[in-house]
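To start, the structure under review is shown below, and the notes come after it.
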There are 2 protein chains.
Amino acid sequence: MAKPDHAPLYVQIRSALVARLASGEWKPGAMLPSDRALAIEMGVSLGTMRKTVDSLAADGVLRRHQGKGTFVTEQTPELANYHFFRLVDQHGERVLPQAGSEVVVIIPAGPETQRRLCLGVGENVILIDRFRTIAGRPAILETVEVPAALMPGLERETPLPNALYPHYQARHGISVISTDDRLSAVAADAIAAMTLDVPEGAPLLLVERVAYDLTGRAVEWRRSRFLSGGLAYAVTLG
Amino acid sequence: MAKPDHAPLYVQIRSALVARLASGEWKPGAMLPSDRALAIEMGVSLGTMRKTVDSLAADGVLRRHQGKGTFVTEQTPELANYHFFRLVDQHGERVLPQAGSEVVVIIPAGPETQRRLCLGVGENVILIDRFRTIAGRPAILETVEVPAALMPGLERETPLPNALYPHYQARHGISVISTDDRLSAVAADAIAAMTLDVPEGAPLLLVERVAYDLTGRAVEWRRSRFLSGGLAYAVTLG
DNA sequence: TAGTGGTCTAGACCACTAC
DNA sequence: TAGTGGTCTAGACCACTAT
């Protein structure tokens with residue numbers, strides 16, 4: 001063989017399971033066969049299969065429940081907010097935004113978007129421009145771009161829910177499991193100042209994010225600007 | 001017994017190892033006994049000991065090297081920068097700051113500091129006020145507070161190195177292994193504007209951080225303000 | 001060659017959940 | 001009671017490092 005099986009068994013088994021998950025063999029929320037059944041089916045020992053499933057559970061792809069079984073992680077608004085939405089107030093309590101207004105259009109991907117989403121020239125993206133409110137006042141300005149080919153018809157599914165990742169999964173079979181975030185501070189431009197009701201030049205927290213699905217594909221490029229003052233993005237490093 | 005051993009064996013073993021690490025039985029950089037030796041010494045199976053050591057390695061407390069052994073993680077400037085310093089430039093390349101100037105004093109902990117560091121009233125902290133430069137220009141304004149009781153004499157160890165965590169470990173036996181970061185955007189005040197050479201009101205990225213050692217104790221409360229424009233705090237969620 | 005961590009196996013028993 | 005994941009054991013062999 002050109003490529004010998006240098007990879008450990010549990011890594012190979014993991015790839016096989018990921019492929020079957022990506023193929024839709026097990027839908028979000030569905031129960032997988034038991035560790036024992038999978039081990040027999042794939043011809044490995046129980047310990048090896050457990051190591052594989054454990055790693056997928058650690059990555060958030062699967063969830064284990066003692067006495068019940070192993071399930072494909074289902075993006076719920078609560079889970080997506082807990083995992084991927086990191087905003088807290090001055091007391092450290094999680095903050096949840098409410099819907100504001102949105103504009104959805106299809107446009108050719110710009111150069112920056114092409115690079116972030118690894119798109120070819122001429123590919124279209126669906127662009128969502130929206131703001132969201134916290135405690136009744138506009139607090140988040142957000143520009144979201146997704147490859148049009150990945151989420152056909154998304155532009156007609158308005159109004160979009162507040163949490164987009166559960167929607168991606170439920171309607172388009174795209175499961176976001178990780179993100180790369182870049183945070184910086186920017187001054188509010190005229191439009192942002194008007195929408196968020198702050199002076200022009202006021203400091204805003206800018207979060208630029210690329211989201212990836214379980215196959216490692218970049219599926220979303222997002223820029224969010226948050227009103228500062230009492231709001232912060234919280235993260236634990238370790 | 002009042003508290004039965006509800007905890008799994010590998011968790012109990014882990015606590016025992018953490019206690020021995022905290023006691024200084026194995027210094028940073030030192031090699032631990034082999035898994036087999038530890039398993040025999042503590043009366044558990046090899047598999048259980050491996051699970052314990054694996055979890056400590058996953059938390060960054062230990063590092064494993066196939067064929068060599070298991071070692072207590074040593075804070076190096078490189079490692080601390082890689083793990084806990086998240087600044088990147090517009091191309092996504094990691095940025096390393098250089099020393100600027102610093103002022104170190106001992107003061108009674110303020111109410112905010114008391115809360116963040118879980119200090120009693122009247123306890124002193126060592127306060128480090130400094131700025132750091134990137135590519136030759138002032139870019140970071142930082143206020144660091146540590147309990148005076150934890151790091152006796154720190155105030156006389158000036159000039160302090162650029163990376164403080166390796167210094168905490170080498171001189172005071174304090175190993176930072178995780179941090180809670182809160183990021184927001186603020187406007188530059190008069191002093192910040194002058195030091196960083198930006199207009200007053202310019203947006204700065206504020207990072208407020210509490211650092212914890214391997215026993216879970218809060219050991220540092222830090223507020224850093226970063227010049228925006230080309231610089232960003234990068235983090236992966238998953 | 002000897003010692004280390006890395007992988008894999010085949011079993012056992014426990015804790016929890018459903019029926 | 002039967003089935004699930006969670007833990008623990010006792011061994012085997014492999015890959016890597018040092019000497």
Side-chain angles (χ1 to χ4, degrees), chain A residues 1 3-18 20-21 25-74 79, chain B residues 1 3-18 20-21 25-74 79:
Chain A
M1 292 188 208
K3 218 178 184 186
D5 51 352
H6 272 330
L9 231 196
Y10 74 92
V11 174
Q12 300 176 38
I13 298 298
R14 183 188 153 115
S15 301
L17 280 185
V18 166
R20 292 170 72 174
L21 283 163
E25 178 171 345
W26 302 295
K27 302 289 186 193
M31 187 174 105
L32 261 68
S34 72
D35 290 4
R36 286 167 179 81
L38 281 174
I40 294 170
E41 178 190 339
M42 308 188 74
V44 300
S45 78
L46 178 57
T48 298
M49 182 53 71
R50 288 193 60 76
K51 193 166 181 175
T52 297
V53 175
D54 280 348
S55 83
L56 287 168
D59 287 353
V61 178
L62 303 177
R63 314 205 127 224
R64 319 197 74 151
H65 294 282
Q66 191 177 34
K68 294 166 79 174
T70 304
F71 301 80
V72 183
T73 301
E74 196 167 14
L79 188 64
Chain B
M1 294 190 208
K3 217 179 185 185
D5 52 352
H6 272 330
L9 230 196
Y10 74 91
V11 174
Q12 301 176 37
I13 299 297
R14 184 188 153 115
S15 301
L17 280 185
V18 166
R20 292 170 72 174
L21 283 163
E25 179 171 344
W26 300 296
K27 302 288 184 191
M31 189 175 105
L32 261 68
S34 73
D35 291 4
R36 287 167 178 81
L38 282 173
I40 293 169
E41 178 191 339
M42 307 189 74
V44 300
S45 77
L46 178 57
T48 298
M49 183 51 73
R50 289 192 60 75
K51 193 165 180 176
T52 296
V53 176
D54 280 348
S55 83
L56 287 169
D59 288 352
V61 178
L62 303 177
R63 316 203 126 224
R64 320 197 73 151
H65 294 282
Q66 191 178 33
K68 293 167 78 175
T70 303
F71 301 82
V72 182
T73 301
E74 196 168 14
L79 188 64

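The basis for the numbers below is simple: all heavy atoms, side chains too, and nothing from hydrogens, waters or symmetry mates. Lettering follows sequence order; numbering is per chain, from 1.
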- Task: Mark yes or no for a side-chain to base donor-acceptor pair under 3.5 Å between B/Arg36 and C/dG3, with no hydrogen or angle criteria applied.
- Result: no
- Task: Establish whether the base of C/dG6 is bridged to the side chain of B/Arg64 by a donor-acceptor pair shorter than 3.5 Å.
- Result: no
Euclidean distance, atom [atom1] of residue [X] to atom [atom2] of [N] [Å, nearest integer]:
| X | N | atom1 | atom2 | answer |
| --- | --- | --- | --- | --- |
| A/Lys68 | C/dC16 | NZ | C1' | 11 Å |
| B/His65 | C/dG5 | NE2 | C1' | 11 Å |
| A/Leu62 | D/dG6 | CG | P | 12 Å |
| A/Leu38 | D/dT4 | CG | P | 10 Å |
| A/Gln66 | D/dG5 | CD | C1' | 6 Å |
| B/Met31 | D/dC16 | CE | P | 19 Å |
| B/Phe71 | D/dA18 | CZ | C1' | 11 Å |

- Starting at the 5' end of DNA chain D, what dot-bracket string do you get if Watson-Crick and G-U pairs under 3.5 Å are bracketed, crossing pairs use [ ], other-strand pairs use | and unpaired bases use dots? ||||||||||||||||||.
- Message: Within a 6.0 Å radius of atom CZ on A/Arg64, are there more than 12 heavy atoms belonging to other residues, nucleotides or ligands?
- Response: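 Atom CZ in A/Arg64 is crowded, with more than 12 foreign heavy atoms closer than 6.0 Å.
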Taking only N/O atoms, report every protein-nucleotides 7-10 of chain C pair under 3.5 Å with atom names and distance.
residue, atom, partner, partner atom, Å
C/dT7, OP1, A/Tyr10, OH, 3.1
C/dT7, OP2, A/Lys51, NZ, 3.3
C/dC8, OP1, A/Leu9, N, 2.2
C/dC8, OP2, A/Leu9, N, 3.4
C/dC8, OP2, A/Tyr10, N, 3.1
C/dT9, OP2, A/Ser45, N, 2.9
C/dT9, OP2, A/Ser45, OG, 2.8
C/dT9, OP2, A/Thr48, OG1, 2.6

- Query: Among residues 54-61 of chain A, which residues get a heavy atom nearer than 4.0 Å to DNA chain C?
  - Reply: none
- Could you point out which residue of B/Leu9, B/Asp54, B/Val44, B/Ile40 forms a side chain to side chain contact (heavy atoms under 4.5 Å, CB included) with B/Met49? B/Val44
- Message: If you compare every side-chain N and O of B/Thr70 against the phosphate oxygens of C/dT4 (OP1, OP2), does one of them come in below 4.0 Å?
- Response: no
- Task: Check whether any side-chain N or O of A/Ser34 sits under 4.0 Å from OP1 or OP2 of D/dT4, and answer yes or no.
- Result: yes
